[in-house]
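All residue numbers refer to positions in the sequence shown, counting from 1. Keep in mind that the numbers below use all heavy atoms, side chains included, and drop hydrogens, waters and symmetry copies.
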Amino acid sequence: MVMAVSFERYGRLYYLDPGDFRPRVGDKVLVPTDDGPEVAECVWAPQYVTEDVGGLPLCAGIATDADLDRDEQNRQRRADARVIAKRTIREHGLPMKVVGIDFVDRRPDVDQLVIVYFSAPHRVDFRELVRDLARALRARIELRQVGARDEARLQGGIGPCGRDLCCATFLKDFEPVSVRMAKDQDLPLNPLKISGACGRLMCCLKYEHPLYQEFNAKAPAVGSAVETPAGDGVVVGHNVPSDTVVVRLAASGRRCACSRADVCSPRQQYEASGTTTPDAAPVVPETPETPETPEARKPAETRKPAETRKPAETRKPAETRTTPETPETREPRETPATPETRATPATPDTPATPDTPEDDQRTETRAERRVRKPRRRRRLHHDDEGESAQ
């Protein structure tokens, strides 16, 4: 269970573990602090939470009448100490501004301690001021200088949004804020509009900055051409809170707000792929069927195999061709032909045989053979030149 308390009306909330106590809203409870238990007001009653929250301080119990009387006396002492501190500072003429006063009476090392929080534009020599304050308040004095942000947190106030200051309600640590964050969010760089009550950049500039960074990284830049469901256009603006892009259409010139997913390239590529799920198989285009030839339509038994043709070695040479050379008489190409290795020409006494279908087939095969083996043709031509030279 978790409960929330506050030391000041409309002040910062502190969360506690109620333990065995069940206070109601408005009850006074004791909260453990570094200087001992202090009285605070219950703002949220103890309630169960879904998440397991650990590390919360344990409530010290319900405040008694003695605790309430002591708390009222300390409040009166703090008010008196503020008046005395302001008067003494004015007498010394120091550029100091009192921000807060804290009165501690339960420290083991000191009976009464007054802590004065102040702000100043620079370092101040307040040694004489401390002696005068200790003499007037009859207590030990500590002066602590705070910055502009801590000053706003201690004093509290209303921000430009109309709500209580974030630093005075829930912020615990001050994170660095830069002007770059205001530029990324397209805010005017007017100091009066982006500064808080402390005079520094507003802490809320950091709240939405990661969202703007993510949007600018994925959305098309201003001035880029995009395709939208309403037609092609040019990006003229962004609307990060609604996750939309303002596009000026090229056809009509009017402006329309489109979702970032409709104009992003990854989304368009995904839709153009035609896949509905990331695990879907890619679409394979169908190849057109080639028409069958008349020869392919014949049965396999009626087709004439290519091996039925006679090999070149078993074919008869033509009568006008020379006899093939034997391995013993064959010489390299670079070696000139000799009378011993010269092929014997065909004799004219051989009678010519009539043409037959088989001869026509051999004639066609011979023409193909000349094309396939040009080296044989050149060698025979060289042999004929050698014979004619003799």
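The pair Asp105-Arg70 counts as a salt bridge, with a side-chain nitrogen and a carboxylate oxygen less than 4.0 angstrom apart. Between Arg153 and Asp150 a salt bridge is recorded (basic side-chain N to carboxylate O distance below 4.0 Å). Taking 4.0 Å as the cut-off between side-chain N and carboxylate O, Glu8 and Arg75 count as a salt-bridged pair.
A heavy-atom distance below 4.5 Å is not found between the side chains of His209 and Leu211. A heavy-atom distance below 4.5 Å is not found between the side chains of Thr33 and Tyr14. Counting only heavy atoms from C-beta outward, the side chains of Val226 and Val234 never approach each other to under 4.5 Å. With contacts defined as side-chain heavy-atom distances shorter than 4.5 Å, the pair Phe170/Arg12 does not qualify. Between Cys167 and Cys203 the shortest side-chain heavy-atom distance does not fall below 4.5 Å. Using a 4.5 Å cut-off on side-chain heavy atoms (C-beta onward), Lys97 and Glu151 make contact.
Annotation: salt bridge (charged side-chain N to carboxylate O under 4.0 Å, His left out) contacts of Glu214 (sequence neighbours excluded): Lys218. In this structure Thr244 satisfies the side-chain hydrogen bond (donor to acceptor under 3.5 Å, both in side chains) test together with Ser242, sequence neighbours excluded.
Nearest heavy-atom pair across Ala40 and Val31 is CB-CG2, 3.6 Å. Smallest separation of non-hydrogen atoms from Pro18 and Leu16: CD-O, 3.6 Å.
Using modelled atom types, one finds no donor on one side chain facing an acceptor on the other under 3.5 Å when comparing Asp186 with His238.
Within 6.0 Å of atom CZ in Arg248, 12 or fewer heavy atoms from other residues, nucleotides or ligands are found, so the atom counts as exposed in its surroundings. Within 6.0 Å of CG on Asn190 lie more than 12 heavy atoms contributed by other residues, nucleotides or ligands.
Ser224 places a side-chain N or O within 3.5 Å of a backbone atom of Ala221 that can act as its donor or acceptor partner. In this structure a side-chain-to-backbone donor-acceptor pair under 3.5 Å is missing from Arg260 to Pro220. Remark: the backbone N or O of Gly19 is paired with a side-chain donor or acceptor of Arg22 at under 3.5 angstrom. Under a 3.5 Å cut-off, the side chain of Glu41 and the backbone N or O of Asp27 do not form any donor-acceptor pair. Between the side chain of Gln185 and the main chain of Leu205, a donor-acceptor pair closer than 3.5 Å is present. With hydrogens and angles disregarded, no donor-acceptor distance shorter than 3.5 Å links the side chain of Asp71 to the backbone of Asp67.
Taken from OH in Tyr15 to CG in Leu13, the straight-line distance is 5.5 Å, to the nearest 0.5 Å. Atom CD in Glu142 sits 5.0 Å away from atom CZ in Arg144 (nearest 0.5 Å).
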Evaluate side chain to side chain contact (heavy atoms under 4.5 Å, CB included) for Met96 paired with Phe118, printing each intermediate quantity in order.
-> CA-CA 6 Å; Met96 299 171 57; Phe118 71 95; 3.5 Å; yes
Solution key, residues 123-139 side-chain donor-acceptor pairs under 3.5 Å, sequence neighbours excluded:
{"from": "Asp125", "atom 1": "OD1", "to": "Arg127", "atom 2": "NE", "distance (Å)": "2.9"}
{"from": "Asp125", "atom 1": "OD2", "to": "Arg127", "atom 2": "NH2", "distance (Å)": "3.0"}
{"from": "Asp132", "atom 1": "OD1", "to": "Arg135", "atom 2": "NH1", "distance (Å)": "3.1"}
{"from": "Asp132", "atom 1": "OD2", "to": "His92", "atom 2": "NE2", "distance (Å)": "2.5"}

